[in-house]
There are 2 protein chains.
Amino acid sequence: MPRAGLSPAAVAEAAAAVADAEGLGALSLKAVAHRLGVASPSLYKHVAGLDGLRREVAMLAAREFGEVLGSAAMGRSGPDALRAVAAAYREFARTRPGRYAALNTAPPPEDTEVAAAFWRPVEVLAAVLRGFGIAERDLVDEIRAVRSSLHGFADLEATGGFGLPEDVDRSFDRMVERSIAGLRARTAAPR
Amino acid sequence: MPRAGLSPAAVAEAAAAVADAEGLGALSLKAVAHRLGVASPSLYKHVAGLDGLRREVAMLAAREFGEVLGSAAMGRSGPDALRAVAAAYREFARTRPGRYAALNTAPPPEDTEVAAAFWRPVEVLAAVLRGFGIAERDLVDEIRAVRSSLHGFADLEATGGFGLPEDVDRSFDRMVERSIAGLRARTAAPR
DNA sequence: GCTCAAAAGCTAATCCAGTTAGCCAAGCCC
DNA sequence: GGGCTTGGCTAACTGGATTAGCTTTTGAGC
């Protein structure tokens with residue numbers, strides 16, 4: 001029998017595809033194996049069981065997400081940068097719901113590699129907000145506020161938390177503009 | 001053998017306790033049955049399997065959450081009401097993480113009872129924001145923005161998304177004040 | 001108090017995904 | 001070409017969900 005030519009990366013990619021298509025909750029060794037045309041036990045040669053599979057998806061997602069946000073921020077600053085990053089954030093969450101959901105889990109504290117990958121997107125946001133001239137000691141609060149808005153919106157949208165699907169774009173735009181206005185106010189009147 | 005005196009409500013309560021203590025992901029018939037001192041199959045006399053158990057937890061959580069937010073809003077208006085509701089929101093998410101997580105799932109669209117229960121908390125928020133004198137056609141956007149902030153913050157906090165545990169209270173307070181400022185601006189300068 | 005039907009709990013058995021063990025072929029290094 | 005490593009397989013085991021069917025409690029009506 002010919003080999004399937006798997007690799008940890010290929011398995012992670014397939015797993016992410018399953019998560020995006022069926023939901024993170026439906027991520028299973030069975031489904032991934034099926035997608036790869038292989039029997040479930042074969043996956044153990046590449047990932048450490050279901051937990052390992054989840055970890056790889058989280059890693060992959062974090063890297064891609066950091067990449068996407070970083071690209072959006074590149075070459076822009078201030079409000080423009082935040083608008084671009086916010087749009088990219090939501091776009092990622094919408095088009096890759098499984099991966100996005102994988103970012104919304106607490107990795108084991110000892111897994112520094114995942115922790116580092118999870119941190120990248122936050123660093124992008126931090127860089128963008130620094131561009132607003134936020135004082136360093138206020139930065140944490142501002143990052144948390146912006147992250148909360150973006151994550152909350154993305155998550156509510158993903159889980160159908162918004163009743164009517166219409167005008168969700170407008171709501172998002174307004175929310176982002178609200179953040180920008182708040183950041184400007186903070187810059188103008190530092191405490 | 002004496003009867004355990006179960007009921008759908010008692011099972012739901014035990015399930016919610018399990019979810020709070022072990023995480024929603026660890027909610028299982030096994031765990032609930034054990035907590036109630038009963039064998040797993042016995043639960044089928046009261047709830048419709050694991051899916052039914054999850055549904056009951058979601059129902060219970062939604063009712064309690066609506067209750068908690070409603071109480072916080074009672075007797076207050078404007079910024080005070082929003083501050084109280086925001087604090088109650090976060091408090092609920094922190095002290096009952098399993099229940100809160102159960103609210104963050106998409107119920108099947110045909111289950112109107114759950115849908116209605118899920119809607120209650122949003123109605124409380126709507127009432128509070130109306131108290132700011134928001135124009136009706138802008139209300140949806142404002143509700144979404146506030147919900148996004150609150151949910152995002154609560155969720156990030158729950159999943160350990162904030163690096164340092166310190167000063168999280170301050171971050172939350174500032175975010176809420178930021179929302180209030182934004183709402184005031186909207187009221188003052190309607191578009 | 002007595003009868004009996006419904007309800008509530010149990011055990012036994014089935015299903016399914018995850019996991020482990022161990023076999024065997026494919027590919028590679030010499 | 002020989003032999004080691006690797007990647008995939010099948011078979012077997014585990015644990016939780018679920019179903020079937022039994023038994024006992026309970027409570028309504030007499």
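Chain naming here is simple, since letters A, B, ... match the order of the sequence lines and numbering starts at 1 in each.
- A heavy atom lying under 4.0 Å from DNA chain D marks none of the residues of residues 11-27 of chain A.
- Straight-line distance from the CG atom of A:D51 to the C1' atom of C:dG18: 10 Å, rounded to whole Å.
- Residues meeting the side chain to side chain donor-acceptor pair (under 3.5 Å) test with B:E136, sequence neighbours left out: B:R130.
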Protein and nucleotides 4-8 of chain C: nitrogen or oxygen contacts under 3.5 angstrom:
unit_1, atom_1, unit_2, atom_2, d
C:dA7, N3, B:R3, NH2, 3.0
C:dA8, O4', B:R3, NH1, 2.7
C:dA8, N7, B:K45, NZ, 3.2

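- Shown here are the salt bridge (Lys or Arg N to Asp or Glu O under 4.0 Å) partners of A:R170, two or more places apart in sequence or in another chain: B:D141.
- Here A:R178 pairs with B:E142 under the side chain to side chain donor-acceptor pair (under 3.5 Å) rule; sequence neighbours left out.
- Of the possible donor and acceptor atoms, none in the side chain of A:T105 sits under 3.5 Å from a partner among the backbone N and O of A:A101.
- Remark: A:Y89 engages A:F65, A:Y100 in a ring pair (Phe, Tyr, Trp, His ring centres under 6.0 Å) (not counting sequence neighbours).
- For A:D20, the salt bridge (Lys or Arg N to Asp or Glu O under 4.0 Å) partners are A:R99, not counting sequence neighbours.
- Shown here are the ring pair (Phe, Tyr, Trp, His ring centres under 6.0 Å) partners of B:F132, two or more places apart in sequence or in another chain: there are none.
- Every residue two or more places apart in sequence or in another chain that forms a salt bridge (Lys or Arg N to Asp or Glu O under 4.0 Å) with A:R94 is listed here: A:E157, A:D169.
- Per the geometry, CG belonging to A:L43 stands 11 Å off C1' belonging to D:dG7, to the nearest Å.
- The salt bridge (Lys or Arg N to Asp or Glu O under 4.0 Å) test applied to A:D173 returns no partner, not counting sequence neighbours.
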Distances under 3.5 Å between nitrogen or oxygen atoms of protein and nucleotides 11-16 of chain D:
unit_1, atom_1, unit_2, atom_2, d
D:dG16, OP2, B:K30, NZ, 2.6

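- Other residues sharing a hydrophobic cluster with B:L43 under the 4.5 Å side-chain heavy-atom criterion for ILVMFWY residues are B:L6, B:V11, B:V18, B:L24, B:L27, B:L29, B:V32, B:L36, B:V38, B:Y44, B:V47, B:L50, B:L53, B:V57.
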